[in-house]
Chemist: 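Pasting a structure here, questions to come.
Hydrogens, waters and symmetry mates are skipped; everything else that's a heavy atom, side chains included, is used.
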Amino acid sequence: DVIFTEGIADNTAEKANSAMQTVLPSSDYEKLEVNDSRITEAYRAEEGYVVRLNANGFGGAISMMIGKTTAGEICGVRILSPTFSPLRRT
């Protein structure tokens, strides 16, 4: 049971690190303190900032990571969960 739980935690951390590199590639991220209930994590890099936040979607909560340059431009967005299926019309 512990091995299974550790595997999930490792997979989650790997997915988050991959998302950070996708939205704002950097060699180093500094974790920042967050005082906003919608933001779960925030990081500073030389190139800008990465924020992980939760928003409400049609099917429930959506976790996403957003990269923002030091110039204030959104440079990347990655949806972490959930994965929605396309709607079908009949």
Side-chain angles (χ1 to χ4, degrees):
D1 214 10
V2 172
I3 294 171
F4 182 73
T5 304
E6 288 175 358
I8 291 172
D10 290 345
N11 188 32
T12 301
E14 185 177 312
K15 188 175 182 181
N17 290 334
S18 173
M20 288 171 64
Q21 286 295 325
T22 300
V23 300
L24 183 76
S26 181
S27 60
D28 189 38
Y29 300 95
E30 174 190 352
K31 191 166 185 169
L32 303 173
E33 187 175 323
V34 177
N35 294 319
D36 187 324
S37 62
R38 297 168 295 178
I39 298 173
T40 57
E41 296 176 71
Y43 299 88
R44 178 183 9 236
E46 186 175 328
E47 302 80 2
Y49 298 89
V50 175
V51 177
R52 183 176 184 165
L53 57 92
N54 294 321
N56 291 322
F58 179 75
I62 300 172
S63 178
M64 66 183 81
M65 202 162 279
I66 300 172
K68 184 177 178 182
T69 67
T70 54
E73 298 173 351
I74 301 294
C75 57
V77 176
R78 178 123 181 237
I79 304 300
L80 303 174
S81 70
T83 303
F84 289 108
S85 300
L87 296 175
R88 291 185 184 188
R89 294 180 187 233
T90 55

Chemist: Please find the pair of heavy atoms, one from Ala19 and one from Leu80, that lie closest to each other, and give the distance.
Modeler: CB-CD2, 3.5 Å
Chemist: Tell me every residue that passes side chain to side chain donor-acceptor pair (under 3.5 Å) with Thr22, counting only those two or more places apart in sequence or in another chain.
Modeler: Arg78
Chemist: What closest approach, in Å, do Val23 and Met65 show between heavy atoms, and which atom pair accounts for it?
Modeler: CG1-O, 3.5 Å
Chemist: Membership question, hydrophobic clusters at under 4.5 Å side-chain separation (ILVMFWY): are Val51 and Ile62 in the same one?
Modeler: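 Yes, because Ile62 and Val51 connect within a single hydrophobic cluster, where side-chain heavy atoms sit under 4.5 Å apart.
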Chemist: At what distance, to the nearest 0.5 angstrom, does CD1 of Ile66 lie from CG of Leu53?
Modeler: 4.5 Å
Chemist: Who pairs with Asp28 by salt bridge (charged side-chain N to carboxylate O under 4.0 Å, His left out), at least two apart in sequence or on another chain?
Modeler: none
Chemist: Listed by chain and number, what are the side chain to side chain donor-acceptor pair (under 3.5 Å) partners of Asp36, not counting sequence neighbours?
Modeler: Arg38
Chemist: Name all residues meeting the side chain to side chain donor-acceptor pair (under 3.5 Å) criterion together with Tyr43; count only those two or more places apart in sequence or in a different chain, and write none if there are none.
Modeler: Glu41
Chemist: Identify, with sequence neighbours excluded, every residue that meets side chain to side chain contact (heavy atoms under 4.5 Å, CB included) alongside Thr40.
Modeler: Arg52, Asn54
Chemist: Please determine whether residues Val77 and Tyr49 belong to a single hydrophobic cluster, defined as Ile, Leu, Val, Met, Phe, Trp and Tyr linked transitively by side-chain heavy-atom distances below 4.5 Å.
Modeler: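 No, because Val77 and Tyr49 fall into different hydrophobic clusters, even though each may have its own neighbours under 4.5 Å.
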Chemist: For Ala45, enumerate each residue passing the side chain to side chain contact (heavy atoms under 4.5 Å, CB included) test, keeping only those at least two apart in sequence or located in another chain.
Modeler: Leu24, Ser26, Tyr29, Glu47
Chemist: Report the residues that fulfil side chain to side chain contact (heavy atoms under 4.5 Å, CB included) with Glu30, sequence neighbours left out, ordered by chain and then residue number.
Modeler: Leu32, Arg44
